[in-house]
Amino acid sequence: MSGLAAIAMISMTACNGFLDENPKSNLSSEGYLVSEAQAKSNVNYLYRTGAPTFDTGNGAYYGTNGMLGGYLTGYYKSEYAGQEPIVGESQTLSRTVSNCNSYMESLWQNAYRAINVANYSIKYTSSKYMDESVANQYIAEAKFFRAYNYFYLVKIFGDVPFYTEPFESATGDLTLPRTDKKTVYAQVVQDLKDAASVLPNKAFYDNSLRITSNVANAMLAEVYLQMSGYPINENHYADAATAAKAVISSGKHSLTANSDMGANSAYNKLRTTDGLPEVIYAYEYAVGISNATYRCAWAFPNAFSTYFKVTICDNVYGLVNGIENMYNDNEDLRHQPNQFFHWNYVFPGETTAKSLGATCNWYFYDADCLLKTAKGGKDANIIRYPEMLLIAAEGIAQSSGVTAEAVNYLAQVKARASLTGKTVSDYTASLSALSKDAFIKEVWTERLREFPLEFKIWDDCVRTQMFPTFSASNKGAVTFVNLIGAKNGNGYTFKESDMYFPLPYSEIQRDPNLTQNSGY
């Protein structure tokens, strides 16, 4: 199995101020890993490979793996869907093993490389060779990333090969069968709990961009929420709320405030500014070291490529087929021009706006990258504080009903987005009057509105087995229908087999113990 076998010695260098990476994870001698420097290098590698890269960027044409779920809904499109077969087939719910293979093989192999490095670090990092607190920190970080990668794999593929000991020799048995996803989830939960119990109660940006207890608890909240729905169907809503509330009560994170309703809104601050307390976890970029050029190229259609310094633009993950009707334009700041989205662009020094001809994503816009340097340096936000508020709200409502606490958490997110200045108190009465089912669906709706460009829509569709639909005549209203049998935004009908992607055919060829997902 190449995803397990290709764990060769990797040597990387990085500039000062960025994570140094020099993992040596395929060595079988316990005596090799004796230094704090090597332990740090192994763990640093985990920050830059596997799951953290899946939601950050793969290229100007493809976008990123996290977008694939949005394409399945039919509410997002890419100009290069024809060139990237997995995108086009996702939009039409017609994925084939052959056209998915190279994409899924890359995801599979990178995730298992990270898992093997994590397993090695967990096994061999020892207080015999460094201060015990330092060793415990690196082990905890390795457990976080092992959990992160397994979490991604089970969401994409379902049952997957599972192991917690490092493969240290290419001569070992690498032909593992698929393990029941519940077993994998149990290890993910334990790893995140272990990490949260050891790592410091700090904000990510106050901890030298290293994983903290709040990052671990935030991901644990996401995991519990996902486990509570399809296909695990274990009631972990109270656990999800508890994990989210651990972050909320930590005192280290908060919502970014709007300074105005324009360029200094919270959403524009999130677009332009690193280090905000709202950001629980991010993927680090730095101009000249690790460039985020592709992300800013996603902010415009291809026709605009000639106007900018980057070589290619592509309206990746552009909104289509009515999803924008989830917003009431008279009430919601997030759907105003130059907040999350834009439809026209005024070039510096000009007064006339140039039409984009489509809805494009302002959230990815980086002026310096596009107009000056062709090198983006803005970090990619992966987990934000409002998600913890919404997970806590849903978790409480699902387990205890519509309490004042749950209402307050949802109202905070809605109030910040209010175009009319409505406060938390203003929202409290109407939200408190909702039935349990209506309140929960209002949380689902707010997740759609708050994270349209952070790739959470498909996870929510799968776990709830409900699909959002929108009305042009009643903007702001969202109706949820049963996922299986519903038509996506492009008019194609969801099937049970659409819940997962196909395993890479190349991996099945190498490992006779692997079986393909149903429907492929």
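Computed over heavy atoms, backbone and side chain alike; hydrogens, waters and symmetry mates excluded. Because the structure is a prediction, the values reported are computed rather than measured.
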Would you say the rings of [Y] and [X] are close, in the sense that their centroids are separated by under 6.0 Å?
X    : Y    : value
F340 : Y363 : yes
Y62  : Y103 : yes
F467 : Y75  : yes
F455 : F54  : no

Is any side-chain heavy atom of [X] less than 4.5 Å from a side-chain heavy atom of [Y]?
X    : Y    : value
V189 : L220 : yes
I396 : Y409 : yes
T445 : F480 : yes
S265 : Q339 : yes
H253 : V247 : yes
N488 : L72  : no
N201 : S213 : yes
P231 : K181 : yes

Do [X] and [Y] have a side chain donor and acceptor closer than 3.5 Å?
X    : Y    : answer
Q187 : T164 : no
D437 : S435 : no
S197 : D194 : no
Y365 : Y345 : yes
R210 : N44  : yes

Check [X] against [Y] and note the closest heavy-atom contact, atom names and distance.
X    : Y    : result
F494 : K487 : CE1-C, 4.2 Å
Y148 : I382 : OH-CG2, 3.7 Å
A406 : A393 : O-CB, 3.6 Å
T53  : G50  : OG1-O, 2.7 Å
A216 : A195 : CB-CB, 4.1 Å
M388 : A244 : O-CB, 3.5 Å

Step-by-step side-chain contact (heavy atoms from CB on, under 4.5 Å) determination, T125 to K40:
CA-CA 9 Å; T125 301; K40 182 178 182 179; over 6 Å; no
Is there a side-chain hydrogen bond (donor to acceptor under 3.5 Å, both in side chains) between E284 and Y47? Walk through the geometry before answering.
CA-CA 9 Å; E284 183 184 11; Y47 282 79; over 6 Å; no
Positive for salt bridge (charged side-chain N to carboxylate O under 4.0 Å, His left out) with K456, one of E222, E450, E446:
E222
For D366 and K378: C-alpha separation, side-chain torsions, deciding distance, then whether salt bridge (charged side-chain N to carboxylate O under 4.0 Å, His left out) applies.
CA-CA 8 Å; D366 182 331; K378 173 67 178 69; over 6 Å; no
Before you tell me yes or no, could you show the steps for K375 and T293 under side-chain hydrogen bond (donor to acceptor under 3.5 Å, both in side chains), namely the whole-Å CA-CA distance, both residues' side-chain angles and the distance that decides it to 0.1 Å?
CA-CA 5 Å; K375 296 178 180 179; T293 303; over 6 Å; no
Are the side chain of [X] and the backbone N or O of [Y] linked by a donor-acceptor pair below 3.5 Å?
X    : Y    : value
N361 : V316 : yes
S432 : T428 : yes
N517 : F157 : yes

Show your reasoning for whether side-chain hydrogen bond (donor to acceptor under 3.5 Å, both in side chains) applies to D55 and Y152.
CA-CA 10 Å; D55 287 339; Y152 216 104; 2.9 Å; yes
Under the salt bridge (charged side-chain N to carboxylate O under 4.0 Å, His left out) rule, what do D180 and K182 come out as? Steps first, then yes or no, please.
CA-CA 5 Å; D180 183 270; K182 288 188 177 183; over 6 Å; no
How far apart are the C-alpha atoms of R416 and N258, what are their side-chain angles, what is the distance that settles it, and do they pass the side-chain hydrogen bond (donor to acceptor under 3.5 Å, both in side chains) test?
CA-CA 7 Å; R416 184 180 63 173; N258 295 311; 5.6 Å; no
Decide, yes or no, whether a salt bridge links E442 with R449 under the criterion of side-chain N to carboxylate O below 4.0 Å.
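Result for this pair is yes, salt bridge flagged.
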Salt bridge R463-E394, side-chain N to carboxylate O under 4.0 Å:
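Yes.
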Start with the C-alpha gap between D206 and K252, add the side-chain angles, then the distance that decides, and say whether salt bridge (charged side-chain N to carboxylate O under 4.0 Å, His left out) holds.
CA-CA 9 Å; D206 292 335; K252 305 302 178 183; over 6 Å; no
Report the residue from Q336, H335, R334 that forms a side chain to side chain donor-acceptor pair (under 3.5 Å) with D332.
R334
To the closest 0.5 Å, what do you measure between [atom1] ([X]) and [atom2] ([Y])?
X    : Y    : atom1 : atom2 : answer
Q190 : K143 : CD    : NZ    : 7.0 Å
S121 : I139 : OG    : CD1   : 9.0 Å
K269 : D274 : NZ    : CG    : 15.0 Å
D368 : L371 : CG    : CG    : 8.0 Å
L270 : L276 : CG    : CG    : 5.5 Å
N214 : Y281 : CG    : OH    : 14.5 Å

Is it true that, when you exclude K414 itself, more than 12 heavy atoms of the residues, nucleotides or ligands shown sit nearer than 6.0 Å to its NZ?
yes
Would the number of heavy atoms belonging to other residues, nucleotides or ligands and lying under 6.0 Å from OH of Y317 be above 12?
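Atom OH in Y317 is crowded, with more than 12 foreign heavy atoms closer than 6.0 Å.
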Residue set satisfying side chain to side chain donor-acceptor pair (under 3.5 Å) with N408, at least two apart, ordered chain then number -> Q412
Working note: V279 + Y205, criterion side-chain contact (heavy atoms from CB on, under 4.5 Å); need CA distance, chi angles, decisive distance, verdict.
CA-CA 8 Å; V279 178; Y205 280 99; 4.0 Å; yes
How far apart are the C-alpha atoms of E234 and Y185, what are their side-chain angles, what is the distance that settles it, and do they pass the side-chain contact (heavy atoms from CB on, under 4.5 Å) test?
CA-CA 11 Å; E234 295 177 354; Y185 265 111; over 6 Å; no
Could you walk me through whether L448 and I457 pass the side-chain contact (heavy atoms from CB on, under 4.5 Å) test, one step at a time?
CA-CA 7 Å; L448 290 169; I457 186 172; 3.7 Å; yes
Tell me, please, which residues at least two apart from F162 pass ring-ring contact (aromatic ring centres under 6.0 Å, His included).
Y150
